[in-house]
Amino acid sequence: MTCHAKATPPPIRSGDLQPSHQGRRPSVVVIATVHWAVTARLCLSLAESGFEVVALAPDDHALHRLCGIVVRSIGRTRAHGLSEITRTVESRPPDLLVPADERAIDFLRILYLRAIGGKGRNAGQMAALIEASLGSPSAFVFAAQKSRLVSLAQREGLLVPATNVVDDILELRRLVAKAQFPLVLKRDGSSGGQGVRIVSNAADAERSFVELRASAGPRAAVKMALKKLDLSYLDGLYRKRPAISLQEYIVGRPANRAVVCHRGEVLAGLSVEALQTMDATGPATVIRVIDSPEMSDATARMVRHLGLSGFVGFDFMLEAATGRAYLIEMNGRPTQICHLALDADSDMIGALAARFPSGALRRTIPNIDRRTVALFPQESWRDPDSVHLISAFHDVPWQAPEFVAAYSTAVAPEPPDWIQILRRYIRQPSRFWQDGTEPAGLSIVGSLIEQSVEPAPPAKSE
């Protein structure tokens, strides 16, 4: 299949940095720093709804092989990423920016702080675009700081688990001495369950606390900078360590409500409960659509209080004994159910498209024929023989065979770093040489080092 997705739109003068709906479809720039299948699925759905989609993604991302989407490399370092976002926005101003993961949110946070400080060309327009895309600056804060979100929700009168920020090991011992296990330890700034530990006793709690604390300490910062060949990770040497909180464990089922919103108003949303997850604290692979006024109300209140815009996901636990929905955390980005729709009220992409009536299309809904959905490719990766692949609606986008082919087998969120590559060649020294001439392993490492160099600023538009 031949695609023309990588064609570059013609540049315009930087002084004309104003989104316009006259004569063109609404446009969105999706920013991805890791390879998640959900990002590619979102881009497909946006394109099918009439959006012009530009994706900035790592070189190994399957987005580079999909049709109908303009894809550019975001590079390997933060410096490259910030430069490419700025260049893309200045060359053809989009209507919206969509961060696909937590590091992408951090990129936009940095660009926003620079813009409101007057740094860069068209600083005012950049700040306005980020605010239009994500809402008030609180979107950056509460998406990353789980402990503060729970505290805010509690002040709003919402149902949340009992949560305490733990400053040190002595405070942890004092708290667990009067608590009932199991308990949950969470580190701010993490995602996908990576900074979450379910602990069953005091020794397990202390071990997990030390592990989570070390994972965001100075030694971890230096290690990541070396692994990624990106000096931006050294920010961890002087930044305050992210908070670690001890949270009550709610016995029940994980649930999620994804919404698309604009200036504090929910436009559409979908509530689901997880029937199967990748692991104990990981994302869902099989979901069931539910009607939960409690989840809808809690989400609407938080969106309104924080003045949010764009795609946002709220995680809940449905208590087994009562069915009550406990708000757990917020993701300031699209989650893996944002492309699903049963009706107009749950059609998030359709609701977003409706904001631009001059160019967007209203897609066909519903796009699922049952309330129980096996997500593709997540459930087939978890268990190729899963009964859910037959009994539930299997969410395969057959209209995009290149997507199906790209995710027929599991893909890693990130490519091997240079240390892993070097280890591979050390284990097999013969691989250092291609046809007995060029040292292939050293060439790869050299290429990664070259990519880590701070790029020159983009040339001024004429």
- Item | Leu234 and Leu231: CA distance, side-chain angles, deciding distance, side chain to side chain contact (heavy atoms under 4.5 Å, CB included) verdict | CA-CA 6 Å; Leu234 296 180; Leu231 295 178; 3.9 Å; yes

- Task: Using a strict cut-off of less than 4.0 Å between a Lys/Arg side-chain nitrogen and an Asp/Glu carboxylate oxygen, indicate whether Asp235 and Arg78 qualify as a salt bridge.
- Result: yes

- Message: Working note: Asp101 + Phe107, criterion side chain to side chain contact (heavy atoms under 4.5 Å, CB included); need CA distance, chi angles, decisive distance, verdict.
- Response: CA-CA 10 Å; Asp101 52 69; Phe107 285 2; over 6 Å; no

- Message: Main chain of Gln125, side chain of Asn122: is a donor-acceptor contact present, judged purely on distance under 3.5 Å?
- Response: no

- Answer yes or no: is there a donor N or O on one side and an acceptor on the other, between the side chain of Arg197 and the main chain of Gln194, under 3.5 Å? yes

- Message: When you measure from the side chain of His64 to the backbone of Pro58, do you find a donor-acceptor pair of N or O atoms at a distance under 3.5 Å?
- Response: yes

- Side chains of Tyr326 and Leu318 in contact at under 4.5 Å (non-hydrogen atoms): no

- Query: Stepwise, does the side chain to side chain contact (heavy atoms under 4.5 Å, CB included) test hold for Leu56 with Thr88?
  - Reply: CA-CA 9 Å; Leu56 305 181; Thr88 299; 3.6 Å; yes

- Taking side chain as C-beta onward, heavy atoms only, is Leu108 less than 4.5 Å from Asp106? no

- Checking side chain to side chain donor-acceptor pair (under 3.5 Å) for the pair His80/Ser83: CA distance, chi angles, key distance, verdict? CA-CA 5 Å; His80 279 123; Ser83 177; over 6 Å; no

- Spatial distance of atom CG (Leu352) from atom CZ (Phe311) [nearest 0.5 Å]: 5.0 Å

- Item | Nearest-0.5 Å distance that lies between atom CD1 in Ile328 and atom CE in Met317 | 6.5 Å

- Task: Determine whether the side chains of Ser271 and Arg257 contain a donor N or O and an acceptor N or O closer than 3.5 Å.
- Result: yes

- Item | Pro161: which of Val184, Leu327, Ile250 passes side-chain contact (heavy atoms from CB on, under 4.5 Å) | Ile250

- Task: Supply the atom-to-atom distance Ile105 CD1 to Ile130 CD1, rounded to the nearest 0.5 angstrom.
- Result: 12.0 Å

- Row check, Phe376 ring normal vs Arg382 NZ/CZ: under 6.0 Å, within 45°: no

- Query: If only atom types and distance count, is the side chain of Ser386 paired as donor or acceptor with the main-chain N or O of His388 below 3.5 Å?
  - Reply: yes

- Task: Establish, from distance only, whether the side-chain atoms of Glu156 and His305 form a donor-acceptor pair under 3.5 Å.
- Result: yes

- Query: So, does Trp381 use its side chain to make a donor-acceptor pair with the main chain of Val411 at under 3.5 Å?
  - Reply: no

- Query: Thinking salt bridges, do Asp395 and Arg41 make one under a 4.0 Å N-O criterion?
  - Reply: yes

- Query: Can you list the steps and then say if Asn331 with Asp315 is a side chain to side chain contact (heavy atoms under 4.5 Å, CB included)?
  - Reply: CA-CA 8 Å; Asn331 296 298; Asp315 292 340; 3.5 Å; yes

- Query: For the atom pair CG (Leu111) and OG1 (Thr86), what is the distance rounded to the nearest 0.5 Å?
  - Reply: 4.5 Å

- Task: Would you name the heavy atoms of Ser73 and Gly75 that are closest together and state the gap between them?
- Result: OG-N, 3.1 Å

- Does the side chain of Gln276 pick up a donor-acceptor pair with the side chain of Thr285 at under 3.5 Å? no

- Give the minimum heavy-atom separation between Trp36 and Ala100, together with the two atoms involved. CZ3-O, 3.4 Å

- Message: Atom CZ of residue position Arg239 - does it have more than 12 heavy atoms of other residues, nucleotides or ligands inside 6.0 Å?
- Response: yes

- Message: Centre-to-centre under 6.0 Å for Tyr407 and His35, is that the case here?
- Response: yes

- Between Ala216 and Arg187, what is the shortest heavy-atom contact and its length? CB-CD, 4.0 Å

- Query: With distance as the sole test, does Ser49 use its side chain to make a donor-acceptor pair with the main-chain N or O of Leu46 at under 3.5 Å?
  - Reply: no

- Query: Any donor-acceptor pair under 3.5 Å linking the side chain of Ser136 with the backbone of Leu306?
  - Reply: yes

- Query: Does the side chain of Ile69 reach to within under 4.5 Å of the side chain of Leu63, using non-hydrogen atoms?
  - Reply: yes

- Within a strict 4.5 Å, meaning less than it, do heavy atoms of the Met348 and Leu267 side chains meet? no

- Residue pair Val196 / Leu185, side-chain heavy-atom distance below 4.5 Å: no

- Message: Let me confirm one number: the CG-OG distance from Asn164 to Ser147, rounded to the nearest 0.5 Å.
- Response: 11.0 Å

- Task: Kindly compute the distance separating CZ (Arg87) from CG (Leu82), expressed to the nearest 0.5 Å.
- Result: 11.5 Å

- Ala220 to Ser215 - nearest heavy-atom pair and separation: CB-O, 3.5 Å

- Query: In a check of side-chain contact (heavy atoms from CB on, under 4.5 Å) between Val272 and each of Val286, Val289, Ile290, which one passes?
  - Reply: Val289

- Message: What I'd like to find out is whether the side chain of Phe356 reaches to under 4.5 Å of the side chain of Leu96, using heavy atoms alone.
- Response: yes

- Are Glu102 and Arg333 ion-paired here, with the side-chain N under 4.0 Å from a carboxylate O? yes

- Message: Any donor-acceptor pair under 3.5 Å linking the side-chain atoms of Ser27 with those of Arg92?
- Response: no

- Task: Could you check if a side-chain atom of Met302 sits within less than 4.5 angstrom of a side-chain atom of Leu158, using non-hydrogen atoms only?
- Result: yes

- Message: Using side-chain heavy atoms (C-beta onward) and a distance below 4.5 Å, is Met126 in contact with Arg121?
- Response: no

- Query: Between Asp347 and Ala268, is there a donor-acceptor pair closer than 3.5 Å when you use the side chain of the first and the backbone of the second?
  - Reply: no

- Query: Within the side chain of Ser309, is there an N or O that forms a donor-acceptor pair under 3.5 Å with the backbone of Arg263?
  - Reply: yes

- Taking NZ, NE, NH1 and NH2 as the nitrogens, is one of them in Arg253 or Glu273 under 4.0 Å from a carboxylate oxygen of the other? yes

- Query: Gln378 and Gln336: side chain to side chain donor-acceptor pair (under 3.5 Å), yes or no, with the steps?
  - Reply: CA-CA 10 Å; Gln378 294 91 330; Gln336 54 190 355; 2.9 Å; yes

- Checking Ser380 side chain against Pro377 main chain: does a donor-acceptor pair fall under 3.5 Å? yes

- For Pro254 and Thr277, the nearest pair of non-hydrogen atoms, with its separation, is CG-CG2, 4.4 Å

- Do you know which two heavy atoms are closest between Ile365 and Ala341, and how far apart they sit? CG2-CB, 3.7 Å

- Message: We want to know whether Arg103 and Ser232 form a side-chain donor-acceptor pair, criterion being a heavy-atom distance below 3.5 angstrom.
- Response: yes

